[in-house]
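The block underneath contains the structure these notes are about, expressed in structure tokens.
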Amino acid sequence: MLKRILGATLMVASLGTASIAADAKPTDPQIAHIAYTAGQIDVTAAEQALKKSKNTEVIAFAKTMERDHKAVNDQALALVKKLKVTPEDNPVSQSLSTQAGKELTTLEALDGVAFDKAYVENEVAYHKSVNDALANILIPSAQNKDLKSLLETGLTLFKEHQMHAEHLASTIK
């Protein structure tokens, strides 16, 4: 069962990156929506982990994910308000949301160590995919220097999240 979940997680991560790549040059309003959606997905996953997990390390990690992704999303909302830009829904945002909903449903069916392991493995794959999209598509496509700067700051933080998730994944047996 865990292999099936991990396989689905990696497929979700690949689909997210492939969808972004297919839209080669997203506009700044689309980038803002994609970035916000990706952050909100991680907030929602963290909230689920906080409700389900009993593992203190997983709970601490989920609290970090919730805090950091909310903070970056708050900064993104402030920036689009300042720039008077309306984030634009797009196929990439929609795909990310659809796949995240499926993953949350899969995780909801798990408990205990099985949940912890699947949640953390999903976080590793998800951060890897989002970080790749930020570095290779979203940041290079961003036209506004403030948006580009926020994305670069987010990428630095999210690389730390990925390393934290990878470490945590290696400790859950």
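Positions are given from 1 along the sequence.
In this structure the side chain of Val92 never reaches within 4.5 angstrom of the side chain of Pro26, judged on heavy atoms. Counting only heavy atoms from C-beta outward, the side chains of Leu155 and Asn131 approach each other to under 4.5 Å.
The nearest pair of heavy atoms linking Asn73 to Gly39 is ND2-C, 3.6 Å. The two residues Pro140 and Lys25 make their nearest non-hydrogen contact at O-NZ, 4.0 Å. Between Ile41 and Ala100, the closest heavy-atom pair is CG2-CB, 3.5 Å. Shown here for His33 and Glu88, the closest heavy-atom pair between the two residues is CB-O, 3.2 Å.
How far NE2 of His167 is from CD1 of Ile172: 10.0 Å, rounded to the nearest 0.5 Å. Note that the NZ atom of Lys82 and the CG atom of Asp146 stand 4.5 Å from one another [nearest 0.5 Å]. Considering CD of Glu57 and CG of Asp116, their distance stands at 10.0 Å, rounded to 0.5 Å. Atom OG of Ser141 is separated from atom CG of Leu151 by 10.0 Å, given to the nearest 0.5 angstrom. Taken from OH in Tyr36 to CG in Asp89, the straight-line distance is 13.0 Å, to the nearest 0.5 Å. One finds the NZ atom of Lys70 at 8.0 Å from the CD atom of Gln40 (value rounded to the nearest 0.5 Å).
Side-chain heavy atoms closer than 4.5 Å link hydrophobic residues (I, L, V, M, F, W, Y) into clusters, and following such links, even through other members, never connects Val130 to Val43. Hydrophobic clustering of Ile, Leu, Val, Met, Phe, Trp and Tyr side chains at less than 4.5 Å, counting indirect connections, unites Leu138 with Leu79. If you chain together hydrophobic residues whose side chains sit under 4.5 Å apart, Leu110 and Val120 fall into the same group. Tyr119 and Leu104 are not part of a single hydrophobic cluster, where members link through side-chain heavy atoms under 4.5 Å apart. In terms of hydrophobic clustering, with Ile, Leu, Val, Met, Phe, Trp and Tyr side chains grouped at heavy-atom distances under 4.5 Å, Ile139 and Ile34 are assigned to a common cluster.
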Val85 and Asp28: CA distance, side-chain angles, deciding distance, side chain to side chain contact (heavy atoms under 4.5 Å, CB included) verdict: CA-CA 9 Å; Val85 171; Asp28 284 358; 5.7 Å; no

Audit row: Leu77, Lys81, side chain to side chain contact (heavy atoms under 4.5 Å, CB included) steps and yes/no: CA-CA 6 Å; Leu77 288 175; Lys81 185 177 179 181; over 6 Å; no

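Within the hydrophobic cluster formed by Ile, Leu, Val, Met, Phe, Trp and Tyr side chains joined at under 4.5 Å, directly or through other members, Val124 stands alone, with no partner residue.
Although no hydrogens or angles enter the test, the distance criterion places no donor-acceptor pair under 3.5 Å between the side chain of Ser129 and the main chain of Tyr126.
Not counting sequence neighbours, the partners of Asp111 by the salt bridge (Lys or Arg N to Asp or Glu O under 4.0 Å) test are Lys52.
Using a 4.0 Å cut-off between charged nitrogen and carboxylate oxygen, Lys148 and Glu152 do not count as a salt-bridge pair.
Looking only at atom types and distance, the side chain of Ser93 has a donor-acceptor partner in the side chain of Asn90 under 3.5 Å away.
Partner of His69 under the side-chain contact (heavy atoms from CB on, under 4.5 Å) criterion, out of Asp74, Asp42, Leu157: Asp42 alone.
Annotation: salt bridge (Lys or Arg N to Asp or Glu O under 4.0 Å) contacts involving residues 160-173, sequence neighbours excluded, are absent.
Annotation: Phe158 is in aromatic contact with His161 [ring centroid separation under 6.0 Å].
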